[in-house]
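In this text the structure is predicted, and so the values were computed from the model without any measurement.
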Amino acid sequence: MKKSKLVRDSFTMPKDEYAAIDSLKLRAGKLGQSVKKSELLRAGIKALAAMSDIAYKLALSNVPTIKTGRPKDAK
């Protein structure tokens, strides 16, 4: 099987959603499955791709739109 070419990207997300990544990593660990952040995001994409149009549209409507770009000195 030929390996896919990898693409590096960056994005901005709310802190609470970013914190959910750690929570999901811990959850996977408790289930005996070690997982990286990128693997969680890729699993989420696969789950979205498998949804019906109605479920997909509902999932998208539950994600608020945020301003793109790097946050201004968010320390």
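Both Tyr18 and Leu41 sit in one connected hydrophobic cluster of ILVMFWY residues. Membership requires side-chain heavy atoms under 4.5 Å apart, directly or through other members.
Looking only at side-chain heavy atoms (C-beta outward), Lys67 and Thr12 stay at 4.5 Å or farther from each other. By the 4.5 Å heavy-atom criterion applied to side chains, Ser34 and Glu39 are not counted as neighbours.
Legend: side chain to side chain donor-acceptor pair (under 3.5 Å) pairs involving residues 40-54, not counting sequence neighbours: none detected.
Applying the 4.5 Å side-chain rule to ILVMFWY residues, one finds Met51, Tyr56, Leu60 in the same cluster as Leu48.
Between Asp22 atom CG and Leu26 atom CG the span is 6.5 Å, to the nearest 0.5 Å. Between the CZ atom of Arg8 and the OG atom of Ser38 there is a distance of 10.0 Å, given to the nearest 0.5 Å.
Counting heavy atoms of neighbouring residues, nucleotides and ligands inside a 6.0 Å radius, atom CG of Leu31 exceeds 12 of them.
Across all their heavy atoms, Met13 and Ile66 have their closest contact at CA-CD1, 3.9 Å. Closest approach of Leu40 to Leu24, counting heavy atoms only: CD1-CB, 3.8 Å.
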